[in-house]
Amino acid sequence: MFSFQVGSLLNIALILGTVLGAAALLIWVERRLLGFFNDRLGPNRVGPFGILQSVADVIKLITKEDWIPPFADKLPFVVAPIILPIVMLLSFAMIPFAPGVGIIDMNIGLLFVMAMAGLAAYSAMLGGLASNNKFALLGGLRAAGQMISYEVFLGISLLGVVILSDSFSLRGIVEAQSDGWYVFPQFIGFMVFMVAALAESHRWPFDLPEGEAEIISGFNTEYSGMKFGLFFVGEYIGMLFMACLIPVLFFGGWHAPFGLEFGNEIISGLFWMAAKTSVFIGFFVLVRAALARPRYDQLMSYGWLVMLPLSLLNLLITGAIVLMQGS
Amino acid sequence: MSVFFYGSAIIAILATLMVITRTNIVHALLYFIVSLLAIAVIFYTLGAPFAAALEVIVYAGAIMVMFLFVVMMLNLGQVTQDQEKAWLVPSIWIGPSIMAVPLLIEVLYAINLQQEQMAHTVIGAKEVGASLFGPYVLAVELASMLLLAGLVGAFHLARK
Amino acid sequence: MLKGLLHQLNIYWSQIVSLYLVFMHLFHKADTVEYPDVKPFTFPRWRGRIILTRDPDGEERCVACNLCAVACPVDCIALQKTEDEEGRWYPEFFRINFSRCIMCGFCEEACPTHAIQLTPDFEMAEYVRQDMVWEKEHMLIDGTGKYHDYNFYKVAGKAIGGKGKGEALDELPPTDRRSLMP
């Protein structure tokens with residue numbers, strides 16, 4: 001039970017701890033990086049380099065009053081913030097971190113991930129609806145429309161990878177990339193997935209469900225204390241998950257670039273997986289710092305008029321080429 | 001596996017009961033989502049992981065979100081809740097219940113009959129795809145025509 | 001068609017350019033001044049915390065003329081005049097409510113004796129609001145502040161103990177009006 005293989009108890013405990021720790025750390029990393037991008041320093045007061053900033057934030061959030069507005073619909077109001085972190089953590093069960101490191105290896109791993117991404121929409125929607133507040137409702141509406149729309153392209157852009165690797169299992173996809181990353185044959189799929197992943201985890205610049213400038217804080221306007229904290233942590237776990245998923249699907253997961261493997265294959269795999277994930281986390285933060293939020297109609301028309309045809313075309317061409325090579 | 005099956009089956013039945021008896025539509029939808037998730041687990045235990053994933057993606061992930069979306073647009077308040085409460089009197093239940101009970105007995109009998117066959121040929125994505133575009137290609141094409149008609153209709157309605 | 005496509009490509013290109021430009025800011029020096037560790041430089045005439053000064057002889061400069069209280073736009077200064085046995089005027093109490101003070105410096109400009117002066121210190125936060133009310137003993141310093149040589153009673157015509165009429169600097173002795181004959 002304590003051996004180092006997929007699904008062992010040690011594995012589960014280590015991955016859960018690492019993911020939660022990394023998500024907490026990510027809050028600090030993002031704020032610090034944003035600071036650097038803005039020629040500021042970012043939080044650097046709590047602990048060395050401000051690394052304990054998240055701890056301070058959590059202490060503050062826990063000690064705050066946990067306020068349920070009297071006009072809110074109590075059951076969905078309480079359920080909504082719990083959904084997001086749970087769903088995102090469940091998605092992490094599918095990620096293959098290195099050979100032999102992972103929680104579960106399902107033959108429908110990618111579909112499971114898609115299903116969880118679909119369920120994540122409820123968090124924002126129920127939160128917005130249950131708050132019984134106009135701005136929260138607007139945020140919930142935006143979240144619903146955005147997440148339904150971009151889930152479509154998220155799914156279709158992945159199908160090229162599925163066709164190439166002939167597998168829905170994420171571990172199978174990584175193993176199929178041992179002789180070449182899928183980012184090259186699937187570049188359009190990668191671009192579409194990147195944008196859809198940003199929109200799906202409603203990160204900047206697609207944070208229209210929150211849109212501080214227009215609708216206060218969107219679906220979490222009425223939330224306070226640790227309920228707000230759960231939304232917050234869930235968003236960061238989602239960002240971490242997307243940053244893990246992109247290397248797994250397009251950048252060869254644990255495979256080292258240019259044959260730069262070293263030592264044990266588990267250690268080397270974990271190192272390269274972490275390195276690739278960090279690059280994409282950095283990219284997400286860079287996108288947040290650099291790009292402006294689109295208008296909602298622009299978001300929708302961009303999705304349906306550009307992303308959908310692109311991803312369908314990508315799927316069509318990939319399928320045709322694979323069929324031609326197969327025959 | 002049968003523990004998972006019966007557990008999720010009981011959850012599904014209870015959740016569906018709650019869906020019918022709720023007067024607040026948002027609560028009803030919440031229970032409906034739980035029921036769909038339980039049915040997805042049932043699919044998985046029955047050896048159909050692809051169907052289970054599609055159940056969650058399509059029904060729980062997309063269609064129920066659409067339901068919620070519509071509920072948000074409708075601005076339902078206390079008035080509709082009271083109306084719903086007035087409609088949900090026990091006398092209305094009698095007819096459907098009488099008709100549903102034989103159905104339930106039949107289902108229970110059928111489950112008892114097939115107890116041995118409940119497991120286990122895993123039907124993955126490939127098998128589903130092969131049978132959809134093999135023997136059932138006509139049905140798929142018909143369904144796609146229907147969906148296309150729906151799409152065109154929606155496009156027509158949305159035009160000014 | 002081509003023009004529209006070029007326009008679209010230009011949009012994407014501008015996004016990439018802005019990503020690159022923002023990325024390059026990673027290598028710029030931060031503009032942040034880490035305030036509690038690094039104190040900013042404030043000029044000597046910076047308008048900050050208000051003090052009351054003494055003249056070169058070590059006596060209080062304030063003569064309780066109330067001009068500062070009148071000049072104060074937010075009415076945060078309160079004082080009461082009293083007199084000692086020599087005839088010098090003093091404030092019996094001198095109270096500034098710093099929770100209202102806007103550091104405008106009008107009191108300093110109004111003061112005829114350079115008694116009230118503003119200093120470069122601005123770190124005046126308190127946990128209790130009542131602590132923002134400063135009394136004379138909090139504000140009175142031992143030095144002369146920004147004006148070292150000025151001594152009001154040395155140049156003013158008022159008679160105090162040890163200095164009669166006409167004994168001030170640049171002051172003529174009082175004229176005997178009865179001797180002023182044409």
Side-chain angles (χ1 to χ4, degrees), chain A residues 71-80 83 87 90 94 106-132 134 136-149 151-152 154-155 159 162-163 166-169 200 219 304, chain B residues 18 22-34 36-37 39-41 43-44 47-78 80-81 122-130 133 147 151 154-155 158:
Chain A
F71 45 80
D73 192 351
K74 205 172 167 194
L75 171 71
F77 190 85
V78 175
V79 167
I83 296 173
V87 157
L90 276 177
M94 297 295 142
M106 247 170 143
N107 55 353
I108 52 157
L110 202 52
L111 288 172
F112 185 87
V113 165
M114 288 297 302
M116 288 300 127
L119 290 183
Y122 284 115
S123 205
M125 287 185 73
L126 286 175
L129 190 55
S131 296
N132 214 348
K134 287 187 184 64
L137 183 71
L138 279 173
L141 273 177
R142 285 178 172 200
Q146 177 177 331
M147 292 182 92
I148 290 181
S149 308
E151 209 181 301
V152 176
L154 192 77
L159 287 184
V162 172
I163 290 175
D166 201 20
S167 164
F168 272 116
S169 152
E200 191 64 18
F219 60 86
W304 289 106
Chain B
M18 294 295 270
R22 290 308 92 184
T23 52
N24 186 330
I25 188 157
V26 179
H27 294 190
L29 282 175
L30 263 179
Y31 284 114
F32 199 2
I33 294 160
V34 171
L36 287 171
L37 291 180
I39 290 169
V41 174
F43 275 137
Y44 192 77
F50 188 67
L54 282 193
E55 173 90 15
V56 179
I57 294 175
V58 175
Y59 284 95
I63 292 181
M64 296 316 291
V65 171
M66 276 301 176
F67 272 45
L68 258 184
F69 198 83
V70 172
V71 169
M72 281 181 177
M73 295 287 199
L74 289 178
N75 191 20
L76 303 172
Q78 194 61 42
T80 44
Q81 260 186 57
V122 176
I123 301 169
K126 207 170 266 179
E127 288 84 352
V128 174
F133 288 92
L147 288 176
L151 200 66
F155 182 66

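Fair warning: this is a prediction, and the values are worked out from it, not measured in the lab.
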> At a heavy-atom separation under 4.5 Å, does L37(B) approach chain A through its side chain, its backbone, both, or neither?
Replying inline: side chain
>> So, taking the atom named NZ in K126(B) and the one named CG in D166(A), what distance separates them when rounded to the nearest 0.5 Å?
In response: 3.5 Å
> With only heavy atoms counted, which part of I148(A) is less than 4.5 Å from chain B, the side chain, the backbone, both or neither?
Replying inline: side chain
> About how many Å separate CG of D73(A) and CG of L30(B), when rounded to the nearest 0.5 Å?
Replying inline: 8.5 Å
> If you take all heavy atoms of A144(A) and F69(B), which pair is closest and at what distance?
Replying inline: CB-CD1, 3.3 Å
>> Is A60(B) in contact with chain A via its backbone, its side chain, both, or neither, using a 4.5 Å heavy-atom distance?
In response: both
>> Please identify, among M64(B), E55(B), M73(B), the residue contributing the most non-hydrogen atom pairs under 4.5 Å to chain A.
In response: M64(B)
> For the candidates A115(A), A121(A), G118(A), which exhibits the highest count of non-hydrogen atom pairs separated by less than 4.5 Å from chain B?
Replying inline: A115(A)
>> Return the CD1 to CD1 distance between I57(B) and I108(A), rounded to the nearest 0.5 Å.
In response: 8.5 Å
> Does a sphere of radius 6.0 Å around CZ in F71(A) hold more than 12 heavy atoms from other residues, nucleotides or ligands, not counting ones at 6.0 Å or beyond?
Replying inline: yes
> Is chain A contacted by the side chain of V65(B), its backbone, both, or neither, given a heavy-atom distance below 4.5 Å?
Replying inline: both
>> For G61(B) versus E151(A), what's the shortest heavy-atom pair and its separation?
In response: O-OE1, 4.3 Å
> Does CZ in F32(B) sit with more than 12 non-hydrogen atoms of other residues, nucleotides or ligands closer than 6.0 Å?
Replying inline: no
> Between V56(B) and L111(A), does a side-chain contact (heavy atoms from CB on, under 4.5 Å) hold up when you go through it step by step?
Replying inline: CA-CA 9 Å; V56(B) 179; L111(A) 288 172; over 6 Å; no
